[in-house]
Amino acid sequence: MDRVFNDDIGVKIDNYLSDLYAYEDDALRSAIEETKAHGLPEIQVSAVQGKALQVLAMMARARSILEIGALGGYSGIWMARALPDDGYMISCELEAKHADVARAAYERAGVGDKVTLRVGAALDTLPELAKEGHSFDLVFIDADKENYPAYLEWALKLTHRGSVIIGDNTIRNGTIADSKATGSSALALRDFNQIMANHPRLVSVAFPIIKEGIDGMTVGVVR
Ligand code: DHB
Ligand code: MG
């Protein structure tokens, strides 16, 4: 693919937007530091993306949020802070170690009482949540890319009219726009975007997110 984007400009824009719109308090900064200190992959959403998740959750007047992929808790803090006093978030996390780091991060951020971690494969947890009768106002999918289409299928079962469904990493430096891409995650993300774009119950769009390189978030509303 032709390269039309210079990383330096991306960093400059992201720094400008983060400074202006996405102030990180001590709890958010330490969520990133602890993610690093515990050797978790440093692949959390950017500050601007975190703020975007918070804004979207507030626009959706979300009282219940489902996150698929907690990692060290960074994105969860941004979203949980959008919840009203009686709101709650459930965050699915495969790795017990990641869940421990995330739990401590939620406590430090003052949202520990609103967030429940469910440890294990999300494809095991999601049917349990359905049995328990949950219907979420917002679902954020940010876990293993190969399962995005399956997570989306569950997200549609676990939401209602007006709910918002968001997927992270849906542009991936343009591999998603490369019809010759063959990697399993690129193929799954292309499938995910196709479903988000064409599902009769969804009205969706994807936004490029500028970091080092360009990634994106796909956002859909359930009708
Ligand atoms: C990866 C995963 C993510 O969710 C992300 O935001 C960035 C990178 C990864 O698996 O490489
Ligand atoms: Mg991600």
Visitor: In terms of side-chain geometry, is the basic nitrogen of Asp86 or Arg63 positioned less than 4.0 Å from the acidic oxygen of its partner?
Guide: yes

Visitor: Are any of the side-chain heavy atoms of Glu128 and Lys131 separated by less than 4.5 Å?
Guide: no

Visitor: Rounded to the nearest 0.5 Å, what separation is found between the CG atom of Leu158 and the OG atom of Ser64?
Guide: 10.0 Å

Visitor: Are any side-chain N or O atoms of Asn198 and backbone N or O atoms of Gln194, one a donor and one an acceptor, separated by less than 3.5 Å?
Guide: yes

Visitor: Would you compute the distance between atom CH2 of Trp154 and atom CD1 of Ile68 and round it to the nearest 0.5 angstrom?
Guide: 11.0 Å

Visitor: Can you find a pair of side-chain heavy atoms, one from His160 and one from Asp137, that are under 4.5 Å apart?
Guide: yes

Visitor: Exactly one of Leu17, Leu20, Ile209, Leu53 should register a side chain to side chain contact (heavy atoms under 4.5 Å, CB included) with Val48. Which one does?
Guide: Leu17

Visitor: Knowing that exactly one of Leu202, Val203, Leu56 qualifies, which makes a side chain to side chain contact (heavy atoms under 4.5 Å, CB included) with Val221?
Guide: Val203

Visitor: Test side chain to side chain contact (heavy atoms under 4.5 Å, CB included) on Glu95 and Leu71; report intermediate values, then the result.
Guide: CA-CA 8 Å; Glu95 305 283 347; Leu71 191 62; over 6 Å; no

Visitor: For Glu34, I'd like to know if atom CD has over 12 heavy atoms of other residues, nucleotides or ligands within 6.0 Å.
Guide: yes

Visitor: Closer than 3.5 angstrom, by distance alone: can the side chain of His199 be matched with the main-chain N or O of Arg201 as a donor-acceptor pair?
Guide: yes

Visitor: Tell me if a side-chain donor or acceptor on Arg172 pairs with a main-chain N or O of Ala177 at a distance below 3.5 Å.
Guide: no

Visitor: Please verify the inter-ring angle class for His134 with Tyr88; under 30° counts as parallel, over 60° as perpendicular, anything in between as tilted.
Guide: tilted

Visitor: If you count the non-hydrogen atoms of other residues, nucleotides and ligands that lie under 6.0 Å from NZ in Lys157, is the total more than 12?
Guide: yes

Visitor: Identify the heavy atoms of Pro84 and Ala62 that sit nearest to each other, and give their distance.
Guide: CD-O, 3.3 Å

Visitor: Do Ile176 and Thr170 have side chains that get closer than 4.5 Å, going by heavy atoms?
Guide: no

Visitor: Decide yes or no on side chain to side chain contact (heavy atoms under 4.5 Å, CB included) for Leu28 and Ile32, but give the supporting numbers first.
Guide: CA-CA 7 Å; Leu28 282 164; Ile32 291 176; over 6 Å; no

Visitor: SG/Cys92 to OH/Tyr151 distance, rounded to the nearest 0.5 angstrom?
Guide: 8.5 Å

Visitor: Within the distance-only criterion (no hydrogens, no angle test), does the side chain of Ser75 pair as donor or acceptor with the backbone N or O of Gln44 below 3.5 angstrom?
Guide: no

Visitor: According to a 4.5 Å side-chain heavy-atom criterion applied to Ile, Leu, Val, Met, Phe, Trp and Tyr, with indirect links allowed, do Val55 and Met58 form part of one hydrophobic cluster?
Guide: no

Visitor: Out of curiosity, Ile165 CD1 to Thr159 OG1, how far, rounded to the nearest 0.5 Å?
Guide: 4.0 Å

Visitor: Quick one: does Ser185's side chain get under 4.5 Å of Tyr148's, heavy atoms only?
Guide: no

Visitor: Can you find a pair of side-chain heavy atoms, one from Tyr106 and one from Leu117, that are under 4.5 Å apart?
Guide: yes

Visitor: Is the shortest heavy-atom distance from the side chain of His98 to the side chain of Pro41 under 4.5 Å?
Guide: yes

Visitor: Is it the case that Tyr74 and Gln49 place a side-chain donor and acceptor less than 3.5 Å from each other?
Guide: no

Visitor: With heavy-atom distances below 4.5 Å as the criterion, would you say the side chains of Arg190 and Ser179 are in contact?
Guide: yes

Visitor: What's the spacing between Glu67 CD and Met79 CE if we round to 0.5 Å?
Guide: 4.0 Å

Visitor: Where the side chain of Glu93 meets the backbone of Val119, is there a donor-acceptor pair that is under 3.5 Å apart?
Guide: no

Visitor: Tell me whether Glu42 contacts the main-chain N or O of Lys36 through its side chain, where contact means a donor paired with an acceptor under 3.5 Å.
Guide: no

Visitor: Quick check: is Val222 connected to Val219 through a chain of hydrophobic side chains (ILVMFWY, heavy atoms under 4.5 Å apart)?
Guide: no

Visitor: Judged by atom type as modelled, is there a donor-acceptor pair below 3.5 Å linking the side chain of Thr125 to the main-chain atoms of Arg118?
Guide: no

Visitor: I'd like to check Ile195 versus Pro149 (side-chain heavy atoms, cut-off strictly below 4.5 Å). Are they in contact?
Guide: yes

Visitor: Identify the residue among Asp168, Asn169, Asn193 that makes a side-chain hydrogen bond (donor to acceptor under 3.5 Å, both in side chains) with Thr218.
Guide: Asn193

Visitor: Judged by atom type as modelled, is there a donor-acceptor pair below 3.5 Å linking the side chain of Thr35 to the main-chain atoms of Leu40?
Guide: no

Visitor: Nearest 0.5 Å, what's the CD-CG distance between Glu24 and Asp19?
Guide: 10.0 Å

Visitor: Measure from the side-chain N and O atoms of Asp144 to the backbone N and O of Glu146, and report whether any donor-acceptor pair falls under 3.5 Å.
Guide: no

Visitor: Does the distance from a Lys or Arg side-chain N to an Asp or Glu carboxylate O, for Asp100 and Lys97, drop under 4.0 Å?
Guide: no

Visitor: Atom CZ of residue position Arg29 - does it have more than 12 heavy atoms of other residues, nucleotides or ligands inside 6.0 Å?
Guide: yes

